[in-house]
Amino acid sequence: MEVIPGVHQITAKMANMILIVEDRLTLIDTGFRGSSWQIARYIRCLGRSMEELELIIITHNHSDHVGSLAELKRTAPAKVAAGMADLSGNEQGLPYRRYLLKLLHLPLVSFLWPLDYARPGEVDIPLAGDEVLPPIGGLRVIATPGHTPGSISLYSAERKLLIVGDALNKRFGELRLPPKSIAINLSQAIDSVKRLAQLDFDTLCFGHGQPLVGDAAARLRVWIEKRGL
Ligand SMILES: [Zn+2]
């Protein structure tokens, strides 16, 4: 689905990926393992090719956002950018609550939701926040820790577009904070959302749920106020 001209949302297994279509292609997040064929098919339907995928940006190092990274890297020449605070390099340091990490190792769970994560060696551009990446004339990286330590959001002032990964999500038409049980630090997550609400944007894209289109910043501010955050 095209959210605004040149910015598409692809959804696979309830996880969203954002594809920015310009001279070159940029993908934000990669979905669960096994989603690469859907991404490739979407790109083909636009009359473009995986060879044109130049950059993959990861909003945070959770399986439903990095699961297809290894598959994509086999078929696309893309560089990978991700928040460095999520890149511990070992499973014990992954940005999951400890009980979730244990749960993800149970046989049936690990079969249904395989634990995939980006390792430091797979990331070409480690991000700390405040970098400006090339897509859409300058896509600003905003550090939005809380859901994970290295979560980032991406902002285009020119297109009034904000992409938040799991800093926020939308379920049943309602804005929501990341679930307490998954967020590494909920008060930090709330601070991050409040900082995002100070930006000027019309369109808000999430890692899960349909985008919020039209007056999104104002609607986010109303939501924050209503929730008393
Ligand atoms: Zn997540």
Side-chain angles (χ1 to χ4, degrees), residues 9-18 27-36 38-39 56-72 80-106 109-110 112-120 122-123 126-127 129 141-155 162-172 174-193 195-196 204-212 220:
Q9 178 171 303
I10 307 168
T11 305
K13 296 181 192 164
M14 294 171 73
N16 297 332
M17 294 140 270
I18 303 293
L27 184 71
I28 300 167
D29 286 337
T30 72
F32 279 106
R33 189 192 297 183
S35 303
S36 62
Q38 276 154 297
I39 298 164
I56 297 173
I57 308 170
I58 301 297
T59 62
H60 63 289
N61 202 1
H62 277 171
S63 297
D64 49 342
H65 297 258
V66 297
S68 289
L69 182 61
E71 298 163 28
L72 288 167
V80 178
M84 62 173 118
D86 274 0
L87 302 171
S88 64
N90 66 68
E91 258 188 40
Q92 288 318 308
L94 284 180
Y96 289 94
R97 292 219 163 191
R98 201 165 289 170
Y99 83 93
L100 257 177
L101 208 49
K102 275 190 185 153
L103 191 71
L104 288 166
H105 280 97
L106 296 176
V109 180
S110 66
L112 291 171
W113 292 283
L115 180 66
D116 294 306
Y117 57 97
R119 293 159 177 84
E122 290 175 294
V123 174
L127 302 169
V141 176
I142 302 171
T144 43
H147 178 61
T148 69
S151 285
I152 56 151
S153 297
L154 298 157
Y155 177 55
L162 180 65
I163 299 160
V164 296
D166 285 359
L168 269 171
N169 59 65
K170 196 152 150 262
R171 260 188 301 156
F172 309 114
E174 295 276 337
L175 283 174
R176 282 164 199 265
L177 284 169
K180 228 186 260 180
S181 53
I182 300 177
I184 287 279
N185 184 330
L186 196 65
S187 70
Q188 214 177 29
I190 293 169
D191 282 348
S192 291
V193 169
R195 272 191 295 114
L196 290 176
L204 179 53
C205 292
F206 311 94
H208 305 277
Q210 294 296 305
L212 190 62
L220 176 59

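As the structure lists them, so they are numbered: ligands from 1, and atoms in each ligand from 1. In what follows, residues are counted from 1 in the order of the sequence shown.
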**Asked** Do we see a donor-acceptor contact under 3.5 Å between the side chains of D166 and H60?
**Response** yes
**S63 and D116 side chains, donor-acceptor separation under 3.5 Å** = no
The Zn ion (ligand 1) to [X]: nearest N/O/S atom name:
| X | value |
| --- | --- |
| H62 | ND1 |
| H147 | NE2 |
| D166 | OD2 |

**Prompt:** Can you name the nearest heavy-atom pair linking S153 to L162, along with the distance?
**Reply:**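 Of all heavy-atom pairs spanning S153 and L162, the closest is CB-CD1, 4.3 Å.
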**Gap between atom CD1 of I56 and atom CE of M17 - 0.5 Å precision** = 11.5 Å
